[in-house]
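Here the structure is laid out as structure tokens; the discussion comes afterwards.
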2 protein chains.
Amino acid sequence: MNARDPRPSFGGREFGEGGDVSKRILKLVRSDDLRRSKSDRLIAHYIERNIAELPFETARSIAQRLQVSPMTIGRYLRRMGFDGLDELKSELRRGGSNPAWEVKGPVASLEQDRKEGKLLAGLIQQQIDNLGQIYAITSAPEWQQTIDALIGATEVYVAAYQNVRGIAQYFASQLSYTRPRVQFVDGLNGTYAELLDGSVEGRLLFLHDVRRFAAKARPLALEARRAGVKVVLLTDEFCPWGPEVSDICLIVPGSHGPLWDGAATMTAVMDLMLSNIIVLKGDEVSERVDTLTHLQDVFGDFES
Amino acid sequence: MNARDPRPSFGGREFGEGGDVSKRILKLVRSDDLRRSKSDRLIAHYIERNIAELPFETARSIAQRLQVSPMTIGRYLRRMGFDGLDELKSELRRGGSNPAWEVKGPVASLEQDRKEGKLLAGLIQQQIDNLGQIYAITSAPEWQQTIDALIGATEVYVAAYQNVRGIAQYFASQLSYTRPRVQFVDGLNGTYAELLDGSVEGRLLFLHDVRRFAAKARPLALEARRAGVKVVLLTDEFCPWGPEVSDICLIVPGSHGPLWDGAATMTAVMDLMLSNIIVLKGDEVSERVDTLTHLQDVFGDFES
DNA sequence: CCCAAAATGTTATTAAAATAACGCTTGTGC
DNA sequence: GCACAAGCGTTATTTTAATAACATTTTGGG
């Protein structure tokens with residue numbers, strides 16, 4: 001045993017209260033003694049909320065999720081009184097009888113509630129169905145073209161209006177982690193000169209618009225193409241002029257609900273694009289992320 | 001791959017019969033093809049009776065229990081169509097989602113397709129799992145409190161920073177369709193005076209922040225509460241100071257991927273909130289939407 | 001009873017997780 | 001601020017599980 005990481009003689013299995021095991025673990029995890037440092041709280045919190053998932057986890061996987069080192073998890077478990085995650089697991093196993101993971105998952109109860117006509121369950125179900133559909137998009141040739149375009153362009157300009165403007169800004173923000181020269185444009189100066197002045201070859205306009213289309217969108221796309229800018233359009237199935245004004249037109253189906261159109265599916269599509277880019281660019285992205293993380297620490301107003 | 005122990009092209013995930021995963025596994029295990037030899041039946045029987053225990057087992061431990069060699073277990077799992085027990089476990093973990101589309105095989109595109117196809121499908125699956133989980137949030141008391149607060153407040157201020165800023169702006173934009181006096185605040189004037197000056201009772205701060213937390217977020221929440229503003233915090237499971245600084249703390253689990261943290265789940269949560277509000281406010285919202293639609297037509301730069 | 005084919009066990013190798021030892025960072029008391 | 005202690009990450013090592021390749025046993029037909 002490591003002298004630096006002693007296993008205390010109290011706590012853990014020494015308790016013999018005989019009650020429900022997961023309750024005991026939760027109680028342990030909630031005790032002040034195990035929430036002292038920041039990562040303590042992180043881990044405690046994670047266990048508290050994901051106790052049903054623990055059987056599937058390893059110390060390593062938890063560590064990765066929480067962005068700490070596996071050692072920290074190991075030390076924490078030892079402070080809890082368990083000699084490694086396996087010991088905690090077998091304790092959980094004995095305690096049994098509470099298992100959310102058994103046959104019914106959370107999704108199963110979701111299904112149940114949906115049948116009972118609960119509104120939110122139905123909406124979630126619809127979101128899920130939508131997500132199932134977007135897999136089809138990733139197999140379309142336009143998908144690969146879009147990825148290639150986003151990677152290959154010298155400069156990327158992202159544009160969107162009205163209510164989905166924020167979503168596109170998010171995309172631009174995330175995209176800039178994977179490559180340089182990404183900019184959100186709003187044309188508030190009235191000209192879009194930065195995009196349309198033709199001073200750089202290989203520019204790309206990533207235009208996002210959905211129903212109740214913005215008046216500016218179509219002319220911008222047309223003008224961009226005239227200026228030699230490649231245009232990617234991400235839109236929904238209601239766009240009447242999609243393919244005409246764009247080089248690559250990605251149509252996301254089903255991104256509209258009974259009450260109104262949600263942006264969740266679009267966000268998922270964007271996240272998928274980013275993931276795909278990361279996979280393709282690999283280490284190149286890691287380096288850039290490191291650089292940006294450093295810059296964040298210097299200028300970024302991030303915590304800690 | 002071992003020529004003696006081929007993994008057949010049928011079986012396992014190739015089936016897309018839909019429905020609950022454990023059902024699928026049980027069905028597999030009961031098929032004649034997987035009960036041919038003596039140990040086949042032994043293993044099949046064991047899985048059938050102890051499927052809930054599987055997450056705690058290893059191939060080795062099962063083997064020991066059944067007095068066969070670990071190899072036999074491994075081979076059996078492979079015949080089932082799983083590449084090792086871990087793959088079966090992760091299937092079980094997913095619980096209940098329909099793998100129909102996961103199966104559609106490799107996407108027909110460029111070289112790395114198989115890998116990437118799998119990857120994207122996996123990411124979508126993860127999104128779906130996340131969505132399944134958010135149902136749990138909607139049943140939490142905090143959910144209803146949040147909805148009530150969003151409806152009941154005299155003024156709503158939405159705040160977020162860095163990369164999720166756009167997402168929150170989207171939320172603010174959408175929320176303003178359901179009720180008046182919604183504003184996104186960024187504190188760029190350095191004071192947040194509009195929010196903190198105490199000139200109006202019943203104000204609400206809707207603060208959204210996720211990992212790599214903004215340095216501004218925590219102080220803003222604290223200051224807001226001091227100024228008598230109710231604080232709703234929408235965050236992920238990594239927030240160490242969530243409940244301390246907020247009146248209502250909504251924690252969205254699983255909004256993080258292997259590559260990075262996506263915003264799709266958060267967007268879905270927001271859309272759900274909006275839907276919930278619409279349902280509760282009913283006609284009141286319709287009227288407001290009509291009004292806003294009219295205003296859009298006059299000022300809004302919308303098409304047609 | 002024998003023989004071929006299938007099934008299983010054994011052994012050696014590979015892959016992966018846990019952790020001890022060390023060093024850096026962070027926070028905290030004076 | 002400064003110094004000491006606690007917390008954490010990193011690397012190298014140990015331990016454990018999974019599996020390919022080979023050896024042995026079992027099964028079923030003649």
Side-chain angles (χ1 to χ4, degrees), chain A residues 1-8 12 32-46 54-91 286 290 293-294 297-298 302-304, chain B residues 1-8 32-46 53-91 213 215 218 238 240-241 258:
Chain A
M1 174 156 309
N2 189 342
R4 296 252 192 113
D5 300 324
R7 176 179 168 181
D32 281 347
D33 225 41
L34 290 165
R35 308 192 86 128
R36 288 173 44 197
S37 77
K38 204 160 131 188
S39 13
D40 272 11
R41 283 189 293 275
L42 214 60
I43 299 168
H45 195 227
Y46 180 81
L54 286 185
F56 298 102
E57 301 270 12
T58 70
R60 198 178 216 77
S61 66
I62 298 174
Q64 199 169 3
R65 236 183 237 277
L66 301 181
Q67 300 277 293
V68 298
S69 99
M71 267 312 300
T72 306
I73 306 289
R75 279 191 273 248
Y76 186 86
L77 290 171
R78 187 163 301 172
R79 290 224 312 282
M80 282 180 73
F82 298 103
D83 194 13
L85 191 59
D86 280 338
E87 217 176 277
L88 196 160
K89 279 190 198 170
S90 48
E91 188 98 1
S286 315
D290 287 345
T293 303
H294 172 69
D297 291 337
V298 180
F302 280 94
E303 215 187 29
S304 76
Chain B
M1 173 158 306
N2 189 340
R4 295 254 192 107
D5 298 326
R7 175 177 172 180
D32 281 347
D33 225 40
L34 290 164
R35 309 190 84 129
R36 289 172 46 196
S37 78
K38 205 158 84 182
S39 21
D40 273 10
R41 283 187 293 276
L42 213 58
I43 299 170
H45 192 234
Y46 180 81
E53 299 281 308
L54 286 185
F56 298 102
E57 301 271 15
T58 70
R60 197 178 221 79
S61 67
I62 298 174
Q64 200 168 4
R65 207 179 274 264
L66 299 180
Q67 299 282 310
V68 299
S69 98
M71 261 322 295
T72 307
I73 306 291
R75 279 191 274 248
Y76 186 86
L77 290 170
R78 188 164 301 174
R79 290 225 311 283
M80 283 180 72
F82 298 102
D83 196 13
L85 191 59
D86 279 339
E87 216 175 278
L88 196 158
K89 281 189 197 171
S90 49
E91 188 101 1
F213 294 91
R218 199 167 116 94
F238 303 108
W241 37 262

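Throughout, protein chains are lettered first and strands after them, A, B, ... in sequence-line order, and every chain is numbered starting at 1.
To the nearest 0.5 angstrom, L42(B) atom CG is 11.0 Å from Y46(B) atom OH. Rounded to the nearest 0.5 Å, atoms CE (M80(A)) and CD (E91(A)) are 9.0 Å apart.
Rounded to an integer number of Å, the gap from Q64(A) CD to dA18(C) C1' is 15 Å. Between the CZ atom of R75(B) and the C1' atom of dA7(C) there is a distance of 8 Å, given to the nearest Å. Rounding to whole angstrom units, CG of residue L42(A) and P of dC8(D) are separated by 10 Å. Atom-to-atom, CZ of F82(B) to C1' of dT19(D) comes out at 18 Å; the value is rounded to the nearest Å. Taking atom CE on M71(B) and atom C1' on dA20(D), their separation rounds to 7 Å, with Å as the unit. Residue I62(A) contributes atom CD1, which lies 16 Å from atom C1' of dT19(C) at whole-angstrom precision. For the pair I73(A) CD1 and dG9(D) P, the interatomic distance rounds to 9 Å; values are reported in whole Å. Counting to the nearest Å, the P atom of dA15(C) and the CD atom of E87(B) are 17 Å from each other.
For dG7(D), the OP1/OP2 oxygens have no side-chain nitrogen or oxygen of S39(A) closer than 4.0 Å. For R78(B) and dA20(D), the shortest distance from a side-chain N or O to OP1 or OP2 is below 4.0 Å.
Looking at heavy-atom distances under 4.0 Å, S37(A) makes contact with sugar-phosphate atoms alone, never a base.
Within the 4.5 Å cutoff, no side-chain heavy atoms of L85(B) are placed close to those of I73(B). Using a 4.5 Å cut-off on side-chain heavy atoms (C-beta onward), I62(A) and L54(A) make contact.
In the displayed structure, Q67(A) atom CD is contacted under 6.0 Å by more than 12 heavy atoms of other residues, nucleotides or ligands.
If you check distances only, the side chain of R79(A) never reaches the base of dG7(D) with a donor-acceptor pair under 3.5 Å.
The backbone N or O of G84(A) lies less than 3.5 Å from no partner atom in the side chain of K89(A), so there is not a single donor-acceptor pair.
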Protein and nucleotides 14-18 of chain D: nitrogen or oxygen contacts under 3.5 angstrom:
unit_1: dA18(D); atom_1: OP2; unit_2: A59(B); atom_2: N; d: 3.0
unit_1: dA18(D); atom_1: OP2; unit_2: R60(B); atom_2: N; d: 3.2

